[in-house]
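Bear in mind that the values here come from a model prediction, so they are computed numbers and not experimental data. Here is the naming used below: chain letters follow the sequence lines, and residue numbers restart at 1 for every chain. Side chains are part of it too, since the values below use all heavy atoms of this structure and drop only hydrogens, waters and symmetry mates.
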Number of protein chains: 2
Amino acid sequence: MTRALTRKGEATRARIVAGAAAEIRERGVDEVRLEDVMAHTGTSKGQLFHYFPDGKEGLLLAVAQHEADQVLLDQEPMLSNLTSWPAWLAWRERLIERYRAQGVKCPLNGLLGQTGRRAPGAQAIVTGLMWRWQNAIVDGIRHMQSTGDIASEVDADRSAAALLAGIQGGVLLLLSTGKTDHLEAVLDLTIDSLRAGARTA
Amino acid sequence: MTRALTRKGEATRARIVAGAAAEIRERGVDEVRLEDVMAHTGTSKGQLFHYFPDGKEGLLLAVAQHEADQVLLDQEPMLSNLTSWPAWLAWRERLIERYRAQGVKCPLNGLLGQTGRRAPGAQAIVTGLMWRWQNAIVDGIRHMQSTGDIASEVDADRSAAALLAGIQGGVLLLLSTGKTDHLEAVLDLTIDSLRAGARTA
DNA sequence: CGGATTTTGGACTTGCAGGTCCATTTTTGC
DNA sequence: GCAAAAATGGACCTGCAAGTCCAAAATCCG
């Protein structure tokens, strides 16, 4: 069932996904027609349905996966190396920088809303992203606990959950306000709080 | 310019907004057709465009405003009386209870995504909601500072921003996971953090 | 009451975006 | 080089949902 894809085919498919993703990031999910994707990627309708037999649904799913992966990739290598306080701050910087650059254009917010309900797959993609993200944070906290930089009494899972939620909310508010104030406040206060745990221990 | 609205007209308009809001909450913005609203509210197409000359756009805007107001109303009277630690906990309980009941159905998430980009008004509604919400939290923190329950060194605005972001993210994650874990973690840890500030002071 | 205005119902129009189809060209593997 | 398979282009179809229009009923107000 794994359809045979020529090298050329593979390239075209990737070009479609990347182009659609860019278009969606720029103008929002429901403003992007299949024809826009065609124009923007230099492809024909035949190609779209050749590579995505399920039509827009399938394409959107592929785009969502692409964007989800990108979110984590953009945080590397910091996210996987939360092994010292400077490393945490570097991660903080990267996050803010990334989202400041992204501004009001959120790829996943719309995708979740659009495909979230009808496609069971979209939900899974977002859930998977959050799960991987939170796990990385948990790993970071655990590591800091192993070195004594964070008190062992701290509940790593719970703290990571709160931090992740804060980040998501911070980004959400960035979409409304256009400012990174909330995101910065969350990161600073939460990380400070983790730090304070070392003294309390 | 304020169009003349009979008592009956006023009632019909309200019925349309409330019905549309319910429908949207249940099935999502882009799954709801004007005909669904008509069927669900017992109105005709003529009525819809009579009360909302701008069509779906205007209706969605009215629904968004309706839902935004509801969000804050649902937190009263707790939100306006964050004057003691038990009061804060009561607010916490109300929030979790409310969102647990709401579950995966988020009215504003979709509305923001749908109308957010094209309608400048939708953005304003969400921004206004967040602003009022955050202000209420700031007032709570300030009051607690005036009674010495929170250290005066705490930056009320910054803390409120972080808390609000955490709540938003917690709700967002509730939409993905179906669990209130993140929301609870954020509330508990953030409020604890504010509390700790009293001792540090 | 009675004329003006608002409210209501529903048939009709319209545009458009997703999806289908097939003919043509290119690539693949032997 | 040549058949089979994959890639491409684009004309065409179709359904649907938003929006238009007007005529009939209800309501308001002097």
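- Protein atom CG of B:Asp36 is 10 Å distant from nucleotide atom C1' of D:dA17, rounded to whole Å.
- Summarising the geometry, the separation between CG on A:Leu5 and P on D:dA5 is reported as 16 Å, rounded to the nearest angstrom.
- With sequence neighbours excluded, no residue forms a side-chain hydrogen bond (donor to acceptor under 3.5 Å, both in side chains) with A:Thr177.
- Applying the salt bridge (Lys or Arg N to Asp or Glu O under 4.0 Å) test to residues at least two apart or on different chains, the pairs with a partner in residues 155-180 of chain B are A:Asp188-B:Arg158, B:Arg142-B:Asp157.
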Donor-acceptor contacts, no H, no angles, side chain residues 96-103 of chain A, under 3.5 Å, sequence neighbours left out:
unit_1: A:Arg98; atom_1: NH1; unit_2: A:Asp74; atom_2: OD2; d: 2.6
unit_1: A:Arg98; atom_1: NH2; unit_2: A:Gln102; atom_2: OE1; d: 2.5
unit_1: A:Arg100; atom_1: NH2; unit_2: A:Thr180; atom_2: OG1; d: 3.2
unit_1: A:Arg100; atom_1: NH2; unit_2: A:Glu184; atom_2: OE2; d: 3.0
unit_1: A:Gln102; atom_1: NE2; unit_2: A:Lys105; atom_2: O; d: 3.1

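- For the pair B:Leu48 CG and D:dC21 P, the computed distance is 17 Å after rounding to whole Å.
- Every residue was checked against the side-chain hydrogen bond (donor to acceptor under 3.5 Å, both in side chains) condition with B:Thr127, not counting sequence neighbours, and none meets it.
- Judged as a side-chain hydrogen bond (donor to acceptor under 3.5 Å, both in side chains), and not counting sequence neighbours, the contacts of B:Ser80 are B:Glu76.
- The separation between A:Arg13 atom CZ and D:dA7 atom P is 11 Å, rounded to whole Å.
- In this structure, A:Arg13 and A:Phe52 approach most closely via the heavy-atom pair NH1-CE2, 3.6 Å.
- Partners of B:Ala160 according to the side chain to side chain contact (heavy atoms under 4.5 Å, CB included) rule, which considers only residues two or more places apart in sequence or in another chain, are B:Gln134, B:Ile137, B:Val138, B:Ile141.
- Each of B:Asp54 and A:Glu10 has a nearest nucleotide on DNA chain D; the 5'-most of these lies closest to A:Glu10.
- Under the rule for a side chain to side chain contact (heavy atoms under 4.5 Å, CB included), the partners of A:Leu189 that lie at least two apart in sequence or sit in another chain are B:Ser159, B:Ala162.
- Note: CG (B:Asp30) to P (D:dC16) measures 17 Å, nearest angstrom.
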Could I get a table of every N or O pair under 3.5 Å where one atom is in the protein and the other is in nucleotides 10-17 of chain C?
unit_1: C:dG10; atom_1: O6; unit_2: B:Gly46; atom_2: N; d: 3.2

Taking only N/O atoms, report every protein-nucleotides 26-30 of chain D pair under 3.5 Å with atom names and distance.
unit_1: D:dA26; atom_1: O3'; unit_2: B:Lys8; atom_2: NZ; d: 3.3

With Watson-Crick and G-U wobble geometry limited to distances under 3.5 Å, how should the secondary structure of DNA chain C be encoded in dot-bracket form, using | for bases paired to another strand and [ ] for crossing pairs?
||||||||||||||||||||||||||||||

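- Spacing between atom CZ of A:Phe49 and atom P of D:dA7 amounts to 17 Å, rounded to whole angstrom units.
- One atom, NE2 of A:His50, and another, P of C:dG19, lie 17 Å apart when rounded to the nearest Å.
- Looking at residues two or more places apart in sequence or on another chain, you find a side-chain hydrogen bond (donor to acceptor under 3.5 Å, both in side chains) between A:Trp133 and A:Gln75.
- Residues satisfying the salt bridge (Lys or Arg N to Asp or Glu O under 4.0 Å) test with B:Asp69, not counting sequence neighbours, are B:Arg132.
- Within the model, atoms CG of A:Leu194 and CE of A:Met144 stand 8.5 Å from one another, a figure rounded to the nearest 0.5 Å.
- Distances shorter than 4.0 Å separate some side-chain N or O of A:Tyr51 from OP1 or OP2 on D:dT8.
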